[in-house]
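Before any comments, here is the structure.
Keep in mind that the numbers below use all heavy atoms, side chains included, and drop hydrogens, waters and symmetry copies. Position 1 is the first residue of the sequence, and the numbers go up from there. Bear in mind that the values here come from a model prediction, so they are computed numbers and not experimental data.
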Amino acid sequence: MRWLIRGGAVAAWLAVSASLVVGTANLEPDHGERPVGAFGFAIVALACLALTAVWRMPVTAAGTEAFTLLLYLGFGYPDGPVLFAGLVPLFALGLLRPRRLAYAVAAGMAATVVGTNVATGGAGVLDLVFVGWAGVAVFAADALRGRRERTAAAERAERDRVLGERLRIAQDLHDSVGHAMAVINVQSGMARHVIDDHPEVAKEALEIVRTVSGTILDELNAMVRLLRDDSAPLRPSPGVADIPELVASMDRAELAVTLDLDAPGIGQPVGGAVYRIVQESLTNAAKHGASPVGVTVRVDENGLRLDVVNDVRTPGPDVPGAGIRGMGERARATGGTLTAGREDGRFRVSARWP
């Protein structure tokens, strides 16, 4: 493919160069103009040679073309195809260099053509045509570059959106799996201790393990289908209305949770963030056997308030982990704030949305 592109570029250069040489050779000088001789063709050859560097060094190519036009017109040769050799580097400048530079070079090249012809007495309609086409070349390149920039910006925005969505899915997966594993850990541990003396209790605990593991497997399958196929049906994201069911699932994990919920009308994405923060907080409490837990989700004149408070049985410094950092990111991403830490022998997670 690279050789094909290079071959096409060489073919285009040969075609343009041949057109310049043949067109110059067929020029008929008007009154007062000099016939194109060997020196004139040498100038045309220099103009053709400058075109080989137009995409790598557009400023140098444009300067060389301006110099060739100054020589060609200064020696009184008739206006011809060589004038339009300068349009190619002007187009390249519009694509590859700052807009101000491209327009400045176009203006300079047009002034060179017009000024030289006026000084030698050879000014004509073709000069005005060159000025117009010089402006068109830069303007067209500028428009094309603007379109490319907008397309690139849209592609970057789409990539950022996809990455953000994948991050959200990863966070949801972390929260869901962590919550399920906490329940499974508690229930399987209890079943292990009571299976000999109270097999019916162990049976109930194992049934909870089976139910929770099946639920998380369904959620994992749904997320995998979503990642593989964008057309896969999506389940509604959990929100504030799903918090009572979440609290009930923790009751099955032998975690005593009291819920104070009064937050009507909280939709997505804030509702989803509230749900996931409560889920992560309850999961952490279950991991550490920190019971009882109080969950408060209320709306007042200051906005939405979320507090999850539980006893701390293991003393020690606060070391924020991935879960707490994830909760903070969720809160900030939806316009809220979050703090988490020990307070009077209890651990408190507090989030606020104005």
Side-chain angles (χ1 to χ4, degrees), residues 1-27 36 38-118 120 122-149 151-152:
M1 179 62 70
R2 182 177 300 177
W3 285 104
L4 183 61
I5 294 175
R6 289 181 177 178
V10 171
W13 175 78
L14 289 174
V16 171
S17 299
S19 299
L20 292 179
V21 173
V22 173
T24 303
N26 287 282
L27 288 176
V36 181
F39 186 69
F41 281 106
I43 296 174
V44 174
L46 178 60
C48 296
L49 184 63
L51 294 179
T52 60
V54 70
W55 297 111
R56 289 173 294 147
M57 297 178 290
V59 176
T60 302
T64 304
E65 294 293 354
F67 177 70
T68 60
L69 292 178
L70 181 64
L71 286 177
Y72 183 88
L73 298 175
F75 275 88
Y77 296 124
D79 292 345
V82 69
L83 287 177
F84 297 96
L87 300 182
V88 179
L90 291 181
F91 184 81
L93 275 172
L95 278 179
L96 306 175
R97 294 295 183 267
R99 293 175 173 85
R100 290 183 179 179
L101 176 61
Y103 283 108
V105 172
M109 190 176 293
T112 299
V113 171
V114 175
T116 304
N117 270 335
V118 169
T120 58
V125 177
L126 195 59
D127 298 337
L128 298 179
V129 174
F130 175 83
V131 172
W133 276 105
V136 169
V138 178
F139 181 80
D142 192 13
L144 179 59
R145 182 169 68 172
R147 180 179 179 181
R148 287 181 176 180
E149 289 174 350
T151 302

With [X] via side-chain contact (heavy atoms from CB on, under 4.5 Å) - residues at least two apart:
X	result
Leu70	Thr112, Thr116
Arg100	none
Val59	Leu93, Arg97, Leu101
Ala66	Met109

[X] versus [Y], closest heavy-atom pair with distance:
X	Y	answer
Thr64	Ala50	CG2-CB, 3.6 Å
Glu65	Pro89	CG-CG, 3.8 Å
Leu87	Ala137	O-CB, 3.9 Å
Phe91	Leu144	CZ-CD2, 4.2 Å
Val105	Leu90	CG1-CD2, 3.8 Å

Interatomic distance, Trp55 atom CH2 to Leu95 atom CG [nearest 0.5 angstrom]: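 Those atoms lie 5.5 Å apart.
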Rounded distance (nearest 0.5 Å) linking atom CD1 of Ile43 with atom CG of Leu71: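 Ile43 CD1 to Leu71 CG: 5.0 Å, rounded to 0.5 Å.
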Pairing residues for Phe67 by the ring-ring contact (aromatic ring centres under 6.0 Å, His included) criterion, not counting sequence neighbours: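 Partners of Phe67 by the ring-ring contact (aromatic ring centres under 6.0 Å, His included) criterion come out as none, since no residue qualifies.
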